[in-house]
Amino acid sequence: MPGLVIVGTQWGDEGKGKITDLLAKDASAIVRFQGGNNAGHTIVRDGVEYKFHLIPSGILHEDKYCVIGNGVVVDPRVLLEEIDGLHKAGIAASNLRVSANAHLIMPYHVLLDTADELKLGKLSIGTTRRGIGPAYADKALRLGIRVQDLLDEKILRKKIMAALESKQQALRALSVRRRKLQKEGEVSDEHLPDDRLDLHSITEDYLSYGHRLEPYITDTAKLCWNELDAGRTVIFEGAQAALLDLDHGTYPFVTSSNPIAGAACVGAGVGPTDIDQVWGIVKAYTTRVGAGPFPTELHDEVGEYMSAKGHEFGTTTGRPRRCGWLDLVALKYAIRLNRTSALAMTKLDVLSGLPTLRVATSYRSPEGAELKDFPYHQSILHHATPEYVDLPGFSEDISECREQSELPSEALDYIRFVADFVGVPIALVGVGPGHDQNVWIDPP
Ligand code: IMP
């Protein structure tokens with residue numbers, strides 16, 4: 001299986017990092033193809049917890065290339081912080097490669113992200129405010145600055161100057177608005193970005209990042225071709241997930257890139273026929289950070305139980321994640337979008353102790369119509385209520401289970417029900433955060 005894509009099938013935070021890390025043992029390269037430091041993954045290895053935002057989960061496998069592909073937007077300051085953190089933990093990170101064609105997140109992107117969210121007020125998306133949307137917008141406007149530009153002072157200065165002009169105008173408008181809102185007592189200082197931008201200091205900072213990043217910068221598409229053409233396995237790792245996809249997710253409450261499997265080709269520079277398998281990662285229940293529709297969301301003690309037991313707080317922003325039952329209508333949609341060949345279900349252990357496990361198998365519109373498919377129309381989705389099938393829960397602690405035969409029959413029935421309903425096998429189940437806390441499920 002030379003080309004394997006791993007994607008999230010819900011609204012992110014499914015635990016893709018852990019599964020990527022596990023499957024990486026048979027791969028020669030792990031490549032991230034979109035997103036930026038809006039993502040966050042935690043890997044627990046030998047009792048040590050590692051948190052990454054930009055660096056792919058594969059970094060702990062020092063014998064494999066760990067690649068930041070051209071489709072990623074890179075905040076070099078954050079990347080260097082992560083590299084420094086790895087060095088402190090005794091990990092050399094000499095296997096890291098960064099695409100010369102990846103776009104950079106600049107200080108003004110971070111400011112604009114906050115400015116745009118403030119401007120939207122009650123309609124805000126709840127972005128991570130890491131500058132992701134504005135960086136992708138500049139890429140599309142052809143005002144973006146790429147990783148390779150860090151290595152040429154003259155070009156870097158020119159490009160920053162060209163990009164800065166329109167940003168300064170936008171941010172001046174923000175200052176005016178900010179002062180107005182502050183006068184009205186609607187925002188406090190901590191919500192307000194410092195909007196001073198200085199060409200010289202930005203250029204100097206980015207040049208120094210460039211010097212430090214130079215050993216890692218390369219043509220990563222070519223690296224992927226070399227590995228694939230030699231018959232070695234390359235894992236393409238998505239950040240975020242299908243329902244946050246810019247084209248196919250719950251727009252506008254989405255991220256600004258395409259986290260679905262098809263985007264691996266664009267974001268890494270390979271062809272569709274390089275992809276042999278697509279693994280979808282699904283949490284045993286559902287979570288969402290930020291605003292936007294979430295039909296199976298729970299506002300009761302069951303939601304609180306999931307939140308507390310699953311430690312459902314964003315790795316990047318620390319925001320509490322909204323929690324709810326597993327939504328099979330949405331999952332079926334994500335599976336078809338990604339043409340998922342297998343699923344890994346994570347955090348099944350969190351559901352232990354709940355007497356009943358509910359799964360949404362259809363939605364009901366306010367007019368009473370049954371909706372079996374994920375509605376493309378936002379207003380329909382916003383008003384849809386889930387119809388549930390109730391399955392018996394389990395009370396046993398399953399975190400020590402390593403074999404299918406050790407799982408309680410109700411847990412196995414839950415896994416089988418989901419797999420049958422969506423028509424894709426669940427090959428692996430996560431029963432805890434540890435690297436070894438997994439159960440392989442026999443094919444039916
Ligand atoms: P942005 O990607 O920062 O622009 O945020 C857009 C939306 O995507 C917001 O609702 C974020 O909470 C959400 N989002 C972005 N990255 C992640 C992630 O890694 N996990 C979960 N939600 C995310």
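Throughout, residue positions are numbered sequentially from 1 according to the sequence presented. Read the numbers this way: they start at 1 and go in the same order the structure lists the ligands and their atoms. Because only heavy atoms are used, hydrogens play no part in the values below, and waters and symmetry mates are left out as well, while side chains stay in.
- The salt bridge (charged side-chain N to carboxylate O under 4.0 Å, His left out) analysis of residues 373-388, with sequence neighbours excluded, yields the pairs R364-E387.
- The distance between the ring centers of F294 and W11 falls below 6.0 angstrom.
- A donor-acceptor contact shorter than 3.5 Å links the side chain of H41 to the backbone of I55.
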Using a 3.5 Å cut-off on N/O to N/O, what pairs does ligand 1 make with the protein? A line per pair would be great.
residue, atom, partner, partner atom, Å
ligand 1, 2 (O), N38, ND2, 2.8
ligand 1, 2 (O), T255, OG1, 2.6
ligand 1, 3 (O), T128, N, 2.9
ligand 1, 3 (O), T128, OG1, 2.6
ligand 1, 10 (O), V289, O, 3.2
ligand 1, 12 (O), G126, O, 3.4
ligand 1, 12 (O), V289, O, 3.1
ligand 1, 12 (O), R319, NH2, 3.0
ligand 1, 16 (N), N38, O, 3.4
ligand 1, 16 (N), Q240, NE2, 3.2
ligand 1, 19 (O), N38, O, 3.4
ligand 1, 20 (N), D13, OD1, 3.2
ligand 1, 20 (N), D13, OD2, 3.3

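- Legend: residues meeting side-chain contact (heavy atoms from CB on, under 4.5 Å) with Q437, ordered by chain and number and at least two apart, are K18, S399, R402, V431, P433.
- Qualifying side-chain contact (heavy atoms from CB on, under 4.5 Å) partners for H377, counting only residues two or more places apart in sequence or in other chains: S379, I380.
- Judged by distance alone, with hydrogens and angles left aside, the side-chain atoms of H53 form a donor-acceptor pair with the main-chain N or O of A39 at under 3.5 Å.
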